[in-house]
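I have placed the structure first, in the form of structure tokens, so that the comments after it can refer back to it.
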Amino acid sequence: MSANQAVSQISQAEPGMRDYDLECRTFSWDREAKYLDGLPGNGGLNIAHEALVRHAAGKLAGIPAFRFIRSDLSQQDYTYGDMHRLSSRFANVLLALKLEKGDRVFTLLGRIPELYVSALGTLKAGGIFCPLFSVFGPEPVLQRLSRGDARILVTTTELWKKRVVPQADRLTFLKYVLLVDAPDHLDGGVLSYPLLLSQASESYQIAPTNPEDPALLHFTSGTTGMPKGAVHVHRAVLMHELTGRIVLDFHPGDIFWCTADPGWVTGTSYGIISPLVNGVTSIVDEEEFDAERWLTILQQQRVTVWYTAPTAIRRLMRLDYLPRERYDLSSLRLVCSVGEPLNAEAVVWGERALGKKILDNWWQTETGGILIANYCGVPVKPGSMGRPLPGIEAGIAEVTDTGMKLLEEADRQGNLVIRNGWPSMFRAYLHDPDRYQRSFRDGWYVTGDLARRDADGYFWFVGRADDIIKTSGHLVGPFEVESVLMQHPAIEEAAVIGIPDPVVGERVKAYLVIRQSVHWDNHLLNDVTAFARRNLGTAIAPKEYTVVAGLPKTKSGKVLRRLLKARELGLPEGDLSTLEKS
């Protein structure tokens with residue numbers, strides 16, 4: 001069978017889940033655990049063993065685990081066997097540096113092989129892996145290294161000099177910096193990564209690991225103050241396996257591309273762990289978004305499952321042609337989106353432009369994995385988050401300082417809550433136990449997202465609780481207003497905030513990004529105003545519009561509404577370390 005025939009066969013594979021209700025009725029986490037091996041000799045559970053070691057010892061040893069795409073579109077494959085050997089070398093390096101179980105190993109790297117080797121080697125060695133965005137400035141790097149009690153940092157010479165050296169006198173807790181591009185050691189604390197790796201053994205046996213041992217640390221920015229460090233444990237791998245199988249619909253032979261950087265939780269959970277656990281090949285592009293480049297990669301690499309962000313999708317929607325008119329995207333079996341809610345228009349556009357509806361799903365840094373999703377082979381409602389995973393109980397609740405009340409009626413708006421106990425639930429906010437406790441009510445995790453559940457059990461995102469606008473007695477979700485505005489042919493993107501108003505409480509203001517071919521003037525303003533009032537009603541439609549060149553977003557694609565509001569009102573802007581550079 002030729003490579004193209006194999007890809008064609010994979011592209012036509014039956015969905016991993018075809019009967020949602022049956023899966024929910026029969027699901028058990030004990031049964032799910034049977035998809036994993038566990039450490040030999042009843043030694044517990046370790047993410048690196050499930051993701052790498054068991055495959056490297058079997059028929060996948062020679063199959064590419066990662067295919068790195070360089071700037072010139074050339075590629076380099078690392079097989080499951082390669083990654084096993086290299087990560088074992090790194091685990092031995094950590095052992096030689098006297099890393100203790102639970103010590104934090106940070107990476108400050110672009111999407112290069114050393115990042116992925118370091119992640120898996122750290123997990124083998126019993127350390128806690130914490131990736132940082134390579135675009136972070138010195139202060140965000142300091143905040144995270146400091147709050148995370150970093151013992152070891154893996155980075156490049158340039159990033160070390162620019163991001164770490166300026167803060168060196170404040171990083172007394174950092175024992176070692178390992179430079180991936182230094183041929184020799186600089187001193188006793190700044191060491192050559194390649195030299196250490198070359199001197200280390202390829203043989204390493206993972207020590208017994210408890211499923212509840214900490215494994216991953218991901219920082220998530222707050223509106224003010226220091227970033228929060230969410231701690232996840234090795235048992236999270238159950239969720240990574242399950243969601244890879246039934247949401248991302250992995251099949252043997254799949255070529256998978258998660259476009260997220262591991263500095264964001266998606267890039268670790270679904271750019272490293274989930275595809276490896278499920279034994280598929282992952283594409284890793286070292287460059288940032290470029291529409292033509294990405295479409296070329298989809299075509300050349302015959303990608304079968306693509307996981308990306310709404311920001312990228314909306315950028316592709318700006319093209320003056322439909323992608324599949326110029327590129328062969330016939331290999332694509334599934335396209336999924338995460339980061340910000342996906343507008344219904346984008347879901348439908350995907351079918352026309354890519355040949356597949358784009359399936360949205362919902363989760364957070366704190367949840368560690370996908371909890372609510374649209375599924376391949378299950379009816380999709382464009383614009384909906386989908387339905388909870390089997391094994392996950394989600395609800396809509398009215399939350400107060402003293403407790404919460406579940407809202408059973410359909411289409412009631414409230415706080416999205418998840419019953420405690422799923423495997424990838426975060427176990428702590430590092431050094432902030434009080435904040436962690438405040439995240440839970442009566443056995444439920446309070447997500448801080450507002451949503452509603454329709455009569456069919458589909459969940460619909462309304463907005464962040466702190467983004468909600470209260471105007472003339474109405475509670476207005478920004479996403480609802482933005483979705484309607486983006487249906488206007490002149491509007492490319494929209495973000496909505498509330499501005500204090502002495503009469504109505506808050507008035508709705510919209511920031512608009514206009515399509516390049518459009519000229520903004522009073523006539524168009526009047527047309528947009530009438531369109532919004534006609535589709536939203538006068539109480540909810542924006543009272544004020546500002547046209548901007550672009551919206552402030554995080555690297556993961558989330559629109560920073562709170563930053564727009566802070567700038568509008570002259571308030572502190574809070575943590576901007578994850579802000580996407582325009």
Legend entry - Donor on one side chain, acceptor on other, T447 and D449, under 3.5 Å: no
Legend entry - Contacts of type ring pair (Phe, Tyr, Trp, His ring centres under 6.0 Å), residue Y458, not counting sequence neighbours: none
Inset, instruction - Using modelled atom types only, decide if a donor and an acceptor are shared between the side chain of W422 and the backbone of T367 within a distance under 3.5 Å. - result: yes
Inset, instruction - Go through the structure and list residues passing ring pair (Phe, Tyr, Trp, His ring centres under 6.0 Å) with F531, not counting sequence neighbours. - result: H488
Inset, instruction - Could you tell me whether R387 sits above the aromatic face of Y20, with NZ or CZ closer than 6.0 angstrom to the six-membered ring centre and within 45 degrees of the axis? - result: yes
Inset, instruction - Report yes or no: is the cationic atom of R144 (NZ for Lys, CZ for Arg) closer than 6.0 Å to the six-membered ring centre of F136, at no more than 45° off its axis? - result: yes
Inset, instruction - First locate atom CG of L450, then atom CD of Q413, and finally report the distance between them rounded to the nearest 0.5 Å. - result: 6.0 Å
Inset, instruction - Search all heavy atoms of N361 against all heavy atoms of C336 and return the closest pair with its distance. - result: ND2-CB, 4.0 Å
Legend entry - Closest non-hydrogen atom pair, K356 against V335: CB-CG2, 4.2 Å
Inset, instruction - Would you check if the distance from the ring center of W294 to the ring center of F289 is below 6.0 Å? - result: yes
Inset, instruction - Measure the spacing between CG of L406 and CG of N415 and express it to the nearest 0.5 Å. - result: 11.0 Å
Legend entry - Nearest heavy-atom neighbours spanning E482 and A495: OE2-CA, 3.3 Å
Inset, instruction - Taking the six-membered ring for Trp and the full ring for Phe, Tyr or His, determine whether the centres of Y270 and F256 are under 6.0 Å apart. - result: no
Inset, instruction - Mind listing the closest non-hydrogen atom pair of A353 and P323 along with its distance? - result: CB-CD, 3.6 Å
Legend entry - Heavy-atom closest pair, residues P262 and T268: O-OG1, 3.1 Å
Legend entry - S331-T304 side chain donor-acceptor pair, cut-off 3.5 Å: no
Legend entry - Cation-pi, F250 ring and R245 (6.0 angstrom, 45 degrees): no
Inset, instruction - Locate the shortest heavy-atom distance separating E366 from H232; write the atom from each residue and the value. - result: O-CE1, 3.2 Å
Inset, instruction - Indicate whether any N or O donor in one side chain lies under 3.5 Å from an N or O acceptor in the other, for W460 and D454. - result: yes
Legend entry - Pair S337-Y307, side-chain donor/acceptor within less than 3.5 Å: no
Legend entry - Test item: V508 and I540 side chains (from C-beta on) under 4.5 Å apart, heavy atoms: no
Legend entry - Aromatic ring proximity Y511/Y545, centre distance under 6.0 Å: no
Legend entry - Inter-residue atom distance L298.CG - R324.CZ, 0.5 Å rounding: 14.0 Å
Inset, instruction - Would you tell me whether E23 and Y375 have side-chain atoms, one donor and one acceptor, within less than 3.5 Å of each other? - result: no
Legend entry - Approximate separation, where rounding is to 0.5 Å, of W363 CH2 and S269 OG: 4.0 Å
